[in-house]
Every structure is written in structure tokens, then in C-alpha cells.
Amino acid sequence: MARYNPKEIEPKWRKRWEEAGAFLTGSDRSKPKYYVLEMFPYPSGRIHIGHVRNYAMGDVIARYKRAKGFNVLHPMGWDAFGLPAENAAMQTGDHPETWTRANIKAMREQLKGMGLSIDWGREFATCDLGYYRWQQLLFLEFWKAGLVERRMSYVNWDPVDMTVLANEQVIDGKGWRSGATVERKQLSQWFLKITEKAEDLLAALDDGRLKGWPDNVRLMQRNWIGKSKGLLMKFRFAGEMTAPDGAREVEIYTTRPDTLFGASFLAVAPDHPLAQSYAKDPKVAAFIAECQKSGTSQEAIDKAEKKGLALPLEVEHPFIRGRRLPVYIANFILMGYGTGAIFGCPAHDARDHDFAKKYRLDIIPVVLPPDTDPACYSVAEAPYVGPGTLFNSDFLNGLSVEAGIDAAIARIEAMGAGRASTQYRLRDWGVSRQRYWGCPIPAIHCEKCGVVPVPEKDLPVRLPVVDASAFKTPGNPLDRLPEWRNVPCPECSGPAQRETDTFDTFIDSSWYFARFATDPAAWEKGPVNKADTDYWLPVDQYIGGIEHAILHLLYARFFTRAMKDTGHLSISEPFANLFTQGMVTHATYRDASGKFLLPEEVVLDGDKARRADNGEPVAIGPIEKMSKSKKNVVSPEAIADTYGADAARWFMLSDSPPERDVEWTDSGAAGAWKLVARIWDAVEPAKGAIRSHDLSRPPEGANAELRRATHETIKGVTDDIEGFRFNKAIARIYEFLNALKKHAQRSEGSATDWAQAEALCALTRLIAPFTPHLAEECWETLGGAGLVCAAPWPEADSALLVRQAILLPVQVNGKRRGEISVSPSDDAATVEKAALADPGVIRYLEGVTVRKIVVVPGRIVNIVAN
RNA sequence: GCGGGCGUGGCGGAAUUGGCAGACGCGCCAGACUCAAAAUCUGGUUCCGCGAGGAGUGUCGGUUCGACCCCGACCGCCCGCACCA
């Protein structure tokens, strides 16, 4: 028997597919369309096992849908701008573009080697001028449509390197290269007004437009948008007090006006005008400066110790005559949310509670949890944030939290002190990056005319070529290119300067799916071609990591709306169905000096690890998402080299449910290879068997059993692919192979009998989405016509799925004691009788009285007795 | 800190969504083939117990005829937190 040799067979079929143009996007628009897209990769240099998992899933869907008769679009490209290329430039001296292009070339070859059914004719990289030039046009159109704004915003500032840092580059509050304590610094930056679309982005989560999305992602997005109904109200300063800027009151926002009677202080953000008005006081100035000494990330702000500084100011309580509350500047209040000022109710808010304990403020409980005795109730140790009944609250006493909120708002409105208001947690999208390797923002700064858009006729603003040595100096090389930067103002022709910020790379990935849907013949004419996008969009199946559940998906949803507003698209939701795959994780390894090591550089010995080269001990770190920076990546090439691409694909899809994280282990890859060999060994002796595929003969005996197994497998695998249960589809194929083997043993020899021929043909088509090269080789061997990737999907014959007898387990008091054989048509009384007659059951009924018999048709019988 | 998840044999996981816990695979054990090994094939493999039997799905409690599944509390791990992509 010829041994299956993937090294020869796999390239052969890849060549055949290419010659046949098997995966080029079809132009027959009368067919139902199916657009399957996996999140395009960042070209880090090599594909890792997480990519294989992602793209193998998409490829299963693409190949399956083609077999089901759909016109399939399955493209691939590169998310090619971004920070790592500039880091590489610093380290290796390669220009970001040189590095990126080389990585793309290497990764394209690796992906092609996986046998993915991709239309490579639509490939592009976001750093292609042909792509980003249209992004600049879209930006100018959004600007005209009122979706763009410039405003001040904080960045992480490294005071030693004098440069802006990404959050990722801030480690424990210090700059990653200089080690200096990072400060918050304000810069004027570009924003896209995503908050204008907050209401619709929220509404679509629930109105059925995103019914193909997982619940957890919709929930995360809902919480991120964070719509809250609350109260905007003004607190008047006590007596005749006035702030240095003349203010007599301060406006706060709260979602819990029901707890006003528990208020014990007011707090404002360090950059609130009221705080700033006291900045002449050195103590205030010092405190504000201290608050700026931390990164800009929400996590850093939340985890920092709650700190405040009391202002020489008090406010009047709106409901309690004579009650005065102190006013603080506090580091945990955000200027960007609400009004940048709050009232604190320590009894019912965790942060306020921390703050009150630290500064010895009153903690007044006003919400009583259900079924609680007020005499034994205390919030001294921990706040209570759940539902309950209001007390200690005058006119609100006895109301629920919800009713109390409404009543408090009504009273404040009647007093003329405030009004109900809806706020969003969602902030506008800051898109300025003080970096080189990105899409230039098409704007010009003129001293006379202000900020002026680059005229459309002057597009594109090409990213200038700089010497690779420019990246040795911290900061943005574009700032240091006067010949590029200095231009005449498009309006007054006076001296002006180009914007040197580039776009956030999230913009690049916010419309690439629409570009893929546009025929490359039309790429020169505009960002997208509406006739094409109207046909192909929305993406029918989008697949990517759960780590993108919020930002990327939210930005793409916003961008789609903005492109609809500007006439480029007809839809508002880009992704009809979303599947979020789990991540591939792996332990991290560090040597004695703390440097990360690749798994292949480490030898494991029990629960200890050593360096493969010199045997020095290695510290095993936590299991984390595979990432280049932590070096805990495994290259799929080793598996593909040894066992072939099919085995690598099969292995990545078997065992673990796709939505769950998987920890990579080496054992098991060989198992996938064993399967490839087993299938080949089953098919090869049945050469030409398709010709004996005569179904006119009635099934009986072993043939009937095999035929049922065949059709049950077809149905099961089909349902499992539709439901993204690839691991279960694979388990079914194993079971089917076991049944095939049993059949071959029982039917003594005639290896090409017709039930077996049917089974092998079905098997070949069922494995085609998973192990496409092997399937082609099997198809050819069996005598199938054409390519199996173009063959129709097998249909299960439902007549063969019916069983005449089923085995029903019988429990006594919830424990399995026997089993009876019944017909699916038997009624409950018949089943009961059979259950009570089972010898195993009778044993356990001696000396007890039967109280109740529960019969669940087709499932189980439970006899309750005592 | 806040938001979202996950937790089942030695390992990855299955359980028709409230109905036989451990499908399928890996590993391991035994056997066949072989001079031998590899590969392959056959059988076994949750734990305790010789056995009858008992226990068992992170921990504790609850609902139910029946709970891996639903509810409450806790523990552990993972992801995201707006400049990594």
C-alpha cells in the first residue's frame, strides 16, 4: 500500500486549485452570496498557531458554503501600519516599510502553505498608498459631515525621552525605555465623534440587527457605551462663598439621586475649572500636578489610591436646610464623564466609601436591603450597592431605588436646581498618533486660516520616505522633515505646515471589509464601489479573537455608519454574524536575566524547565495569550513540515470548542497525522469505488448499519459546521471511521461493496473543508469527477435516520438501576410497565412503596419510591 | 478597581441545553504481528473497593422526581479597559 506523502500531495493540489482558479470570487450574482471574513493579521513576521486556528475555521466555513452552492467571497490582507514596525526599526535599523513588506511576503507564503481557499486577487495591505489614500478622502468627507473635531486630550508623556508613549509602553507607571515616571500631558488632537452615533450603536445591539452576535459581546458593548439616565444638578456654595473665578455653584452629574440624603461630600476632577481656579494656591497646584503623574489608562486611574484635597469651600445640601458638604479635588473623578464633578454617597458606592474612610467623612446609609432589620444594618465596613428601600431620606422614605430616583429628579426639577439627563460612558474616538508608521492625516495648519483640510485634488498625502536612522531618535520623524512639513496654505497660500500626526491603526481596520468587497478593477476609482458592496455586504460570517470584542468591532460599526452618511455604503451594521474564537495560550519562559525565551529554546523536565542550549534553569511564567513580546508563540511550520498542512489544520480544530481558549501542547499533533493516514488507508484500497455506488439495492444487515452511520454522520457534521462545533464534527468523523472499520471486518473482504463506496464518498466530501488536500487525493482515487472543492455537499437521507427501538435508562430515586428497550411510539403507560418489570429495577423496589413515576419520552424513566 | 468569560478523568474535551457524567482524541496499561524495534491492529483505562457497592463535574449552600446545566455566596484562572493589534 502506498504511504500517504503530504510533502508531494499537498503542493500538487494547491497547484491544481490555482490553475483551476477554484477560489476566485465568482461573478454570478444570481447565486446566493456568502462573505466569510477572518480578522486580517498584523504582519508580525510569522504566522503562529492562533492564526492557523482562526483561518482554518474561516476556511471550513468558506469551503462548506461553496459546497452548499453559495457564491463565496473569502479574501485576505494585512493590517500593516502600527507600532511594532517602528520598534523593529529602533532595534534592527530596518525601515518600517522594509520590515513590514518582508514580513508580509513571508507570512503570505506560510498562509498559502495552509491550503486556505482564499481569493488572493483581492489582497492588499493597509500601508499600500492605494488603500490609505482613500482613507484620507473618507476622513475629509467625515469632516465635512461634522463627524470630526479637534480638541485637547491627554497623552502619556515620557519626560526623559520627550515623547508620547502608547499605554503598552507604560509599565508600572514608567516609560519602557527611559524608566522615567510617566506624566499626563495635554495635546490638541483629532477626534471622530462616535458619541453622535452612541444611541444607534446601542439600539442595534437589541433590535435584531445583531442577532447573529454572541450575547457576551453585545453585553460588553452595551456596558462600554454605558448609557445612564441620571440627574444634572447644581450645588450652591454655602453662605456668600465664591470661587476665585467668581463661580457661586458647581454642577454635578449623578445616576443615583435617590441617595442624596446620604451625600457627605462633593468631588471634582483635577482638571475641572473649579479645581483650576484654585491653582494659584501652591498646595492645590501641587496636588493637581501629582494627579497628572500617572498614565492615562482607565486601569491605572482606577487602581491608584483614592486621594483628595479639600478646597476652602462648602456647598448647601439641596434638601436639608443648614447641612453643608465639603468640596474636594479627587484623583478618581474623570473630567470626561458627566460634568467632571460628583456628590459622594459613601454608604452606597465603593469608591466613595474608600474615600470617606480615608478622610473620615460621614457614611450615612439610606438604602435598606430587602428583609433587613435597620437596627442590625451597617455600611461601616462595606458599601451596599444593591436594590432596596430608601430610609433616613425624608420624602423618599419607603420608596424603592428606582422610584426614589424618579422622585428625587422630580423634586430637584421643581426646585429649578437641575434636570434629568442621559449620559454615555462612551467617549469620542481619539485618532491622532504622534508616530510615523501610519496614514498621514490630511490637514494643514495655517497661522492665519487655522486648521485647513488638504484639498481633495491634492490627495493623497503620501507618507514620505525617511532614512531608517531617523528612528534611533525618540519622537516622530515627521516632525523633523521641514521639506515635507512646510507647505503653502491651500486657502491663503501663506506659509503653513502639514499635520504630522498619523491615524490610529484602528481606522485602517474599520473599513477593510468594504474594500475587500469591491472588485479590484474599481480600486483606482474610489474607496469602495457601491454596486459591489451592495451585493456583498454585510459580511455574513466574521471570525476573530474575543480580545477584539469591544474596540475594533465598535469602531468598525461606527465607521460603517459614517460611510453610510457620506453615501459610500447602504448598511449600518457591517457584520451580520460574528464568531469570537478563544485565544491560543501558552506558558511564558524567562531565563535568569529575565529575558523571555521561545518554547523551542526550552526543555521541560517534569514541572521544571531548562534552557535547551546550556541547561541553565528557566522560570516558568503564567499561561497567557500568545504574543510576540512575550515570546510564548509556537510556529505551526514544524507541524506542517512533519505532518503536512492538513494535519496542522485538523489538529487546531479538534478537541477544543472554538470559542474557548486553548493551551497549546505538543502532544496530539501526531494524533492528527494518524487520522490522515487512517483515512488514506481506508480509501486507497477502494480505488474507483464511486462506480459501484449503486443505491438501488435495499440495505440489510451490515450494509443497513453502515448506511445509517453514513447518513447520521452527514447530518451530524453538517449541523456541527453550521453551529461552529468543529471539535464535535471531528469527533463524529472519528466515530464514523470506527464504524467503517467494523463494517469492513464484518462484511469479509469485498472492499468495494456499495454501502462502503457510499460511505467513502460521503467521508471524502465531509473532510474536504477540514483536510482539503487529503480530500482531493481521496476523491481522485475513488473516481470522483472534477475537484472535490467544487463538488456539492452530501445530503442526509432522513428515512435512514429513523430507529425502531431505543434503549431507555431507568432510575430509582435518581440512580440508574436498569435499562429497557422501547419503541419511540410507545405511550407512557407501556413504558412504565416495562420499567417496573426490569429485573435491575425490581431489586431496588423491594420493601419500598412507589410514589411517582416520571417518564420523559425518549430520554429517561425515574421511579420515586420510599 | 470596573466590565466580560472560564473551571468536568493523567491531559484536550463530550453530555441532544434540566434527563445514563466521561462520547471522540491524546497519554498510559495489556495483548497480536515482529529475531527485535518503530509503525499498525485488538482490548482496557474517573476514583475508592477483591467484591456487592459507594463517591464524583473548583468550594459551600439552595431549587427540583432528577443539577456539569438553574439560583446565592466564595475560591482560582483568562480577556478587555479607549495610544498593542
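In what follows, every chain begins at residue 1, and chains take the letters A, B, ... in the order their sequences are listed. Basis for what follows: all heavy atoms, side chains included, without hydrogens, waters or symmetry-related copies.
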Exercise. Looking for any heavy atom pair under 4.0 Å, which part of the strands does A:H552 touch: base, sugar-phosphate only, or nothing?
Worked result: nothing

Problem set entry | For atom CG of A:N476 and atom C1' of B:C83, their distance in whole Å | 13 Å

For this session: Look at all strands and tell whether A:G226 reaches a base, only sugar-phosphate, or nothing, counting heavy atoms closer than 4.0 Å.
Result: nothing

Seminar exercise, completed: Taking for A:P657 and for A:K306 the nucleotide of RNA chain B with the nearest heavy atom, the one nearer the 5' end belongs to A:K306

Exercise. Rounded to whole angstrom units, what separation is found between the CG atom of A:N813 and the C1' atom of B:C20?
Worked result: 16 Å

Problem set entry | Sugar-phosphate only, base, or nothing, as touched by A:V155 at under 4.0 Å among non-hydrogen atoms | base

Exercise. Contact class for A:V170 vs. all strands (heavy atom < 4.0 Å): base, sugar-phosphate, or nothing?
Worked result: nothing

Problem set entry | Touch class at under 4.0 angstrom, heavy-atom based, for A:I853 against every strand present | nothing

For this session: Assign A:R725 to base, sugar-phosphate, or nothing according to its heavy-atom contacts below 4.0 angstrom with the strands shown.
Result: nothing

Exercise. How is A:R425 classified with respect to the nucleic acid when contacts are heavy atoms under 4.0 Å: base, sugar-phosphate, or nothing?
Worked result: base

Exercise. Across the strands shown, which category fits A:R351 at heavy-atom distances under 4.0 angstrom: base, sugar-phosphate, nothing?
Worked result: nothing

For this session: Would you indicate which nucleotide in B:A82, B:A85, B:C24 comes nearest to any side-chain atom of A:N738?
Result: B:C24

For this session: Name the nucleic acid region contacted by A:Q434, choosing base, sugar-phosphate or nothing; use a 4.0 angstrom heavy-atom cut-off, strictly under.
Result: base

Exercise. With sugar-phosphate meaning primed atoms plus P, OP1 and OP2, does A:L551 contact a base, only sugar-phosphate, or nothing at under 4.0 Å between heavy atoms?
Worked result: base

Exercise. Heavy atoms under 4.0 Å, any strand shown: does A:W429 hit a base, just sugar-phosphate, or nothing?
Worked result: nothing

For this session: For A:Q298 and B:C81, give me the distance from atom CD to atom C1', rounded to whole Å.
Result: 7 Å

For this session: Answer with base, sugar-phosphate or nothing: what part of the nucleic acid does A:F332 contact at a heavy-atom distance below 4.0 Å?
Result: nothing

Exercise. Rounded to the Å, how far apart are A:I546 CD1 and B:C81 P?
Worked result: 12 Å

Problem set entry | A:W78-A:F40 aromatic ring centre distance below 6.0 Å | no

For this session: Examine A:F332 together with A:F355 and report whether their ring centres are nearer than 6.0 Å.
Result: yes

Exercise. Across all strands shown, which nucleotide pairs with B:G9 by Watson-Crick or G-U wobble geometry, both distances under 3.5 Å?
Worked result: none

For this session: Scan A:E299 against the nucleic acid and name what it touches under 4.0 Å (heavy atoms): base, sugar-phosphate only, or nothing.
Result: base

Exercise. Which sits closer to the 5' end of RNA chain B, A:Y734 or A:D428, going by the nucleotide each is nearest to?
Worked result: A:Y734

For this session: Report yes if the distance between the aromatic ring centroids of A:Y337 and A:Y424 is under 6.0 Å, otherwise no.
Result: no

For this session: Please tell me which of the listed nucleotides, B:G27, B:G4, B:G66, lies nearest to the side chain of A:K674?
Result: B:G27

Exercise. With a 4.0 Å cut-off, would you call A:E183 and A:K185 a salt bridge?
Worked result: no

Exercise. Whole Å only: how far is the NZ atom of A:K852 from the P atom of B:U64?
Worked result: 11 Å

For this session: Under a 3.5 Å limit for both distances, which nucleotide forms a Watson-Crick or G-U wobble pair with B:U64, could you say?
Result: none

For this session: Could you state the atom-to-atom distance from NZ of A:K742 to P of B:U42 in whole Å?
Result: 10 Å

